[in-house]
Amino acid sequence: MPSSQQVIRIENAADKATLSKPQKEFNRLTRKIESLEKELTDYRATITRVQQQIQTVLVPLQTEYHQQRVSLVQLFDRAYESGDFKANERKKLADLILNLAFELISDYGREDLKPLYDKYDAQGFDATNAESDQQTAEAMKELYGAMFGIEFDEDADVGSPEKFQEHVRQKMEEQQTAFEAQQRAADERRAQRPKTKKQLEREAKKQTEERNITKAVRTVYMDLVKTFHPDREPDEAEKQRKTEVMQRITEAYEKSDLLALLRLQLEFNRIDQDHLETLAEEQLTYYNKILKQQTQELQSQLYTLQSQMAALSGKSVFFVSSPVQLEYSLKLDTQELKRTIKSLKSDLAAFQDSAVLKQWLKSYRIR
């Protein structure tokens with residue numbers, strides 16, 4: 001049986017109710033780890049599928065959507081020049097052109113629209129964009145100053161989002177360096193103070209626990225190493241097999257993955273069910289501490305992936321927290337984009353008629 005499918009449980013065939021508290025905790029933690037491992041595997045596989053679908057389905061739709069918006073800008077430009085519209089209607093058309101073109105140029109790189117934008121803005125796109133960036137930068141300065149206490153240098157060049165983020169990164173690093181220096185100084189002062197008997201006892205207990213936890217993992221590791229180290233194996237085929245097994249053993253040990261090491265022991269008959277059932281309570285206590293840490297690490301890995309997908313999709317973690325939700329979110333985005341493109345095409349066809357466009361402009365408000 002592959003190690004990834006090996007089930008680790010402590011079971012008392014005669015009476016499960018007689019399991020001790022550490023034994024029950026061991027079973028609870030191993031079940032939790034197995035569940036989290038499956039969640040991570042499924043979630044990563046779903047991310048791969050979703051990323052493929054984004055490239056093959058969503059990106060082409062986004063390209064089509066932006067092209068339809070470009071066509072709408074060009075239609076408004078032709079209408080403005082046609083002479084069929086009154087002054088207030090042309091003012092609205094100019095506002096629509098500027099708003100749509102600015103977003104398409106600044107956010108989606110449609111540089112080909114710059115001449116059209118400049119036609120309706122005497123200041124020109126580049127100057128307007130620089131002014132907009134500066135206003136955004138000033139607002140962000142106030143926000144970051146209030147939230148993180150960052151003081152921006154007067155001569156700092158933060159005129160673009162990239163430069164602003166770089167300056168913030170440098171300031172945050174400076175703050176972190178200063179904080180760490182303060183922490184080290186505080187730790188040194190605390191270390192110089194005489195410690196109480198209880199403090200010394202707590203430290204000694206903690207150090208003993210850490211040594212025993214490390215020893216617990218290393219004991220399992222060394223049992224496997226003694227059996228599978230390939231250096232003294234004369235048979236080439238067996239040496240190759242042992243080398244592959246040792247790679248799995250080493251990988252698990254470097255990650256302090258106790259469950260993976262126990263799975264390997266069971267897989268290769270280094271231990272059996274009786275061994276698990278007769279583990280000493282103290283040994284189980286250390287095993288449980290390690291398994292609890294593994295559980296927390298797996299939960300952190302899963303949340304990190306969920307947070308990354310939430311950031312990419314612009315949605316909260318709640319809406320992308322499982323493979324089903326992740327794929328459903330992509331499905332909704334795709335359907336919404338298709339509806340929007342269909343609506344844009346319908347508008348483009350309808351606005352070919354000046355009367356229809358005039359009627360629509362009546363409800364448009366310049367902001």
Side-chain angles (χ1 to χ4, degrees), residues 1-13 16 19 21-55 213 216-217 220-221 224 228 244-273 275-277 279 284-313 315-333:
M1 176 183 280
S3 63
S4 61
Q5 297 178 2
Q6 190 74 52
V7 176
I8 306 291
R9 293 287 186 277
I10 296 175
E11 295 179 357
N12 188 323
K16 291 185 179 181
L19 292 179
K21 186 176 179 180
Q23 287 176 325
K24 291 177 181 178
E25 179 68 358
F26 179 90
N27 286 346
R28 185 189 71 82
L29 288 168
T30 53
R31 278 194 294 267
K32 182 65 175 176
I33 289 171
E34 287 161 6
S35 174
L36 284 167
E37 286 175 338
K38 185 177 185 307
E39 279 189 72
L40 275 164
T41 299
D42 292 346
Y43 200 83
R44 289 189 177 111
T46 304
I47 287 176
T48 300
R49 289 198 302 273
V50 166
Q51 288 174 335
Q52 291 171 346
Q53 290 172 9
I54 286 173
Q55 292 303 315
I213 287 171
V217 177
V220 180
Y221 169 70
L224 291 163
F228 293 102
E244 293 172 359
V245 174
M246 269 303 299
Q247 288 175 347
R248 292 167 60 190
I249 294 168
T250 303
E251 181 182 355
Y253 180 64
E254 288 177 349
K255 294 178 180 177
S256 295
D257 190 343
L258 175 64
L259 192 59
L261 291 170
L262 291 174
R263 284 169 175 161
L264 286 164
Q265 280 190 312
L266 278 174
E267 181 181 348
F268 296 108
N269 299 315
R270 297 302 302 160
I271 60 173
D272 56 19
Q273 192 62 42
H275 173 87
L276 291 175
E277 291 172 9
L279 282 171
L284 268 178
T285 299
Y286 294 130
Y287 277 9
N288 288 343
K289 288 179 183 290
I290 299 166
L291 293 173
K292 186 176 182 181
Q293 183 178 1
Q294 282 184 244
T295 301
Q296 293 168 344
E297 289 171 355
L298 289 170
Q299 287 172 329
S300 177
Q301 288 177 32
L302 182 59
Y303 184 74
T304 297
L305 285 176
Q306 292 168 339
S307 298
Q308 289 171 350
M309 295 310 294
L312 285 172
S313 65
K315 299 176 181 178
S316 73
V317 172
F318 174 81
F319 292 104
V320 293
S321 61
S322 71
V324 171
Q325 288 174 308
L326 198 58
E327 292 186 308
Y328 184 64
S329 176
L330 177 62
K331 182 181 178 180
L332 288 180
D333 289 345

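We count residues from 1, following the sequence as given.
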Query raised in the report: Can you name the side-chain hydrogen bond (donor to acceptor under 3.5 Å, both in side chains) partners of E251, sequence neighbours left out?
Result: K255
Query raised in the report: Measuring from T285:OG1 to K21:NZ, what's the distance to the nearest 0.5 Å?
Result: 10.5 Å
Requested in this report: Indicate yes or no for a side-chain donor-acceptor contact from Q294 to the backbone of L258 under 3.5 Å, with no hydrogens or angles considered.
Outcome: yes
Query raised in the report: Does some side-chain heavy atom of K331 sit less than 4.5 Å from a side-chain heavy atom of Q53?
Result: no
Query raised in the report: Do side-chain atoms of Q325 reach the backbone of F318 as a donor and acceptor pair under 3.5 angstrom?
Result: yes
Query raised in the report: Can you find a pair of side-chain heavy atoms, one from I8 and one from I33, that are under 4.5 Å apart?
Result: no
Query raised in the report: For the side chain of T295 and the backbone of L291, is there at least one donor-acceptor N/O pair under 3.5 Å apart?
Result: yes
Query raised in the report: Quick one: are L312 and M309 in side-chain contact, heavy atoms under 4.5 Å?
Result: yes
Requested in this report: Ignoring hydrogens and angles, tell me if any N or O in the side chain of S300 forms a donor-acceptor pair with the backbone of Q296 under 3.5 Å.
Outcome: no
**Report entry** Minimum heavy-atom distance between L261 and A252, given as atom pair plus value
**Finding:** CD2-CB, 3.8 Å
Query raised in the report: To the nearest 0.5 Å, what is the distance between CZ (R248) and CZ (F228)?
Result: 9.0 Å
Query raised in the report: Judged by atom type as modelled, is there a donor-acceptor pair below 3.5 Å linking the side chain of T30 to the main-chain atoms of N27?
Result: yes
Report task. Could you check if a side-chain atom of Q293 sits within less than 4.5 angstrom of a side-chain atom of K289, using non-hydrogen atoms only? Result -> no
Query raised in the report: Atom CG in L40, atom CD in E37: separation rounded to 0.5 Å?
Result: 8.0 Å
Report task. Find the distance between CG (L224) and CE (M246) and round it off to the nearest 0.5 Å. Result -> 8.5 Å
Requested in this report: Any chance you could measure E34, atom CD, to L298, atom CG, to the nearest 0.5 Å?
Outcome: 11.0 Å
Report summary line: The reported gap from CD in Q52 to OG1 in T48 (rounded to nearest 0.5 angstrom) is 6.5 Å
Query - L264 and Y221, any side-chain heavy atoms less than 4.5 Å apart - result: no
**Report entry** Heavy atoms from other residues, nucleotides or ligands near OH of Y328 exceed 12 (cutoff 6.0 Å)
**Finding:** no
Query raised in the report: For K315, does the NZ atom have more than 12 heavy-atom neighbours from other residues, nucleotides or ligands under 6.0 Å away?
Result: yes
Report task. Go through the steps to decide whether K32 and Q299 satisfy the test side chain to side chain contact (heavy atoms under 4.5 Å, CB included), and finish with yes or no. Result -> CA-CA 10 Å; K32 182 65 175 176; Q299 287 172 329; 3.6 Å; yes
Report summary line: Sorted by chain and residue number, the ring pair (Phe, Tyr, Trp, His ring centres under 6.0 Å) partners of F319 (sequence neighbours excluded) come out as none
Report summary line: Residues L19 and Q23: closest non-hydrogen pair is CA-OE1, 3.3 Å
Query raised in the report: What's the shortest heavy-atom distance between T46 and P323, and which atoms?
Result: OG1-CB, 3.1 Å
Requested in this report: Mind telling me whether Y287 and F26 have parallel, tilted or perpendicular rings, with 30° and 60° as the class edges?
Outcome: tilted
Query raised in the report: Any ion pair linking R28 and E25 (charged N to carboxylate O, less than 4.0 Å)?
Result: yes
Query raised in the report: Judged by atom type as modelled, is there a donor-acceptor pair below 3.5 Å linking the side chain of Q306 to the main-chain atoms of S321?
Result: yes
